Amino acid sequence: MPELPEVEVVRRGLADHVLDRTVARVDVGHLRSVRRHLPGPDDFAARLIGRRIHAARRRGKYLWLEFTDPGGSPDSPRGPAAGDDAVLAHLGMSGQMLVADPPRPDEAHLRVRITFDDDGPELRFVDQRTFGGLSVHPLADAAGGGLVPEPVAHIARDPMDPAFSPDDAVAALRRRRTEVKRALLDQTVVSGIGNIYADEALWRARLHGTRPTAALTRAQGRAVLDAAAEVMSEALAQGGTSFDALYVNVNGDSGYFDRSLNVYGQADRACRRCGTPIRRDPFMNRSSYTCPRCQPRPRTRRA
DNA sequence: AGACTGACCTGAACGC
DNA sequence: TGCGTTCAGGTCAGTC
């Protein structure tokens with residue numbers, strides 16, 4: 001499940017169910033799900049087997065599991081260091097991480113199964129569309145600070161990161177030469193925001209997504225980023241957003257935030273603020289939802 | 001360098 | 001019923 005709140009729901013579930021457990025076996029059922037692990041599925045499995053999981057972390061929509069330091073002792077853990085391996089997961093559009101008791105029948109789109117050396121539940125990566133995937137990478141220093149798996153090093157911190165700097169994010173947003181919604185979706189500007197929460201944040205900030213970032217005031221930039229942080233925390237508190245059974249926590253349950261969406265998916269429904277019908281417009285092979293009254297389009301620039 | 005367009009997949013929902 | 005079209009919450013390589 002895609003955006004930050006949903007990924008955080010999964011991270012918490014993993015933290016509850018797989019920490020301090022040791023991997024016994026890995027079954028890769030679909031090559032595409034480990035395509036980002038360039039050395040291949042056997043190497044992927046070999047790098048997990050025998051390792052004990054120490055932490056479940058997240059930045060933006062990326063999720064990863066760190067292992068217990070192989071050289072350290074339980075009494076004196078040295079903590080994660082650059083170069084240590086971590087299992088990186090991205091859920092793509094339809095990925096799920098499920099914690100399942102082994103007798104439970106396999107899901108139709110089960111791609112990777114991770115079994116532990118205890119009698120506890122296994123971890124199943126289920127992904128209908130296979131846009132997501134798992135891979136192992138060394139931890140590296142991220143551009144914006146922090147220790148993250150190498151492929152994540154280029155993305156910005158997300159608004160729920162304690163070290164997130166709103167001022168830096170506003171500056172990054174205004175530095176772009178594009179439209180504000182595109183910039184919100186750019187994970188190198190601020191991470192974790194996808195199509196739903198971009199639309200919700202823009203509605204809260206009363207900005208139209210096609211406004212040029214270059215013309216945004218600092219206050220407007222700040223407002224839309226604050227709105228994004230706010231809407232994502234509210235969504236997280238409700239277990240995330242879900243339209244269907246594709247977006248679920250590790251137990252297979254859906255969140256309830258879809259009931260709180262103000263614009264996303266609300267075409268032709270009355271805006272909760274002013275009553276004007278919400279409109280839907282094509283956007284990058286997808287859709288954007290706006291209230292035409294609360295979020296007036298910017299004046300088109302003269303040629 | 002930075003912005004933008006496809007391409008990557010499967011399945012559900014809809015119209016004819 | 002069945003077939004075709006459209007749509008879906010993400011990212012990245014390639015192009016301009």
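Sequence lines set the chain letters: A, B, ... in the order given, protein chains first and strands last, and positions in each chain run from 1. Only a predicted model underlies this, so the values are computations on that prediction, with no experimental measurement involved.
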OP1 or OP2 of [N] sitting under 4.0 Å from any side-chain N/O of [X]?
X	N	result
A/R177	B/dC4	no
A/R286	C/dG9	yes
A/S287	C/dA8	yes
A/Y197	C/dG9	no

Is [X] salt-bridged to [Y], going by a charged N under 4.0 Å from an acidic O?
X	Y	value
A/R280	A/D268	no
A/R47	A/D43	yes
A/R204	A/E200	no

Does B/dG15 pair with anything, Watson-Crick or G-U wobble, both distances under 3.5 Å, and if so, with which nucleotide?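 Pairing partner: C/dC3.
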
With both distances kept under 3.5 Å, what pairs with B/dC9, Watson-Crick or G-U wobble?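 No nucleotide pairs with B/dC9.
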
Quick one: which of [options] gets closest to the side chain of [X]?
X	options	result
A/H109	C/dG10, B/dG11, C/dT11	B/dG11
A/T178	C/dG10, C/dC7, B/dC4	B/dC4
A/R129	C/dG9, B/dC8, C/dA8	C/dA8
A/Q128	B/dT10, B/dT5, C/dA8	B/dT10
A/M284	B/dT5, C/dG10, B/dT10	B/dT5
A/T130	C/dT11, B/dC9, C/dG9	B/dC9
A/R182	B/dT10, C/dG10, B/dC4	B/dC4

[X] [atom1] to [N] [atom2]: how many Å, rounded?
X	N	atom1	atom2	value
A/D199	C/dA8	CG	P	11 Å
A/L4	C/dG10	CG	P	11 Å
A/M93	C/dT11	CE	P	10 Å
A/N285	C/dG10	CG	C1'	13 Å
A/Q187	C/dC12	CD	C1'	12 Å
A/L38	C/dA13	CG	P	10 Å
A/N195	C/dA8	CG	P	8 Å
A/F131	B/dG6	CZ	C1'	12 Å

Would you classify [X] as touching base, sugar-phosphate or nothing, given that sugar-phosphate means primed atoms plus P, OP1 and OP2, and contacts are heavy atoms under 4.0 Å?
X	value
A/D127	nothing
A/R111	nothing
A/H30	nothing

Gap in Å between the two [atom1] atoms, one belonging to [N] and one to [M], rounded:
N	M	atom1	answer
C/dT6	B/dG6	P	15 Å
B/dC9	C/dG14	P	15 Å
B/dA12	C/dT11	P	24 Å

Is it true that the side chains of A/R176 and A/T213 contain a donor and an acceptor less than 3.5 Å apart?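 Looking only at side-chain atoms, A/T213 and A/R176 do not form any donor-acceptor pair under 3.5 Å.
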
Just checking, any donor-acceptor pair under 3.5 angstrom between side chains of A/K181 and A/S288?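 There is such a pair (donor and acceptor under 3.5 Å, judged by atom type) between the side chains of A/K181 and A/S288.
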
With ring centroids as reference points, do A/F67 and A/H54 lie under 6.0 angstrom apart?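 Centroid distance A/F67-A/H54: not below 6.0 Å, so no.
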
Map A/R280 and A/G192 onto DNA chain C by nearest heavy atom, then report which one ends up closer to the 5' terminus.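 The residue closer to the strand's 5' end, by nearest nucleotide, is A/R280.
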
Could you please spell out the steps behind the side chain to side chain contact (heavy atoms under 4.5 Å, CB included) verdict for A/D106 and A/R113? CA-CA 10 Å; A/D106 288 356; A/R113 185 200 317 274; 2.9 Å; yes

Any N or O donor-acceptor pair under 3.5 Å from the base of B/dA3 to the side chain of A/R176?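 It does not, because no donor-acceptor pair links the side chain of A/R176 to the base of B/dA3 below 3.5 Å.
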
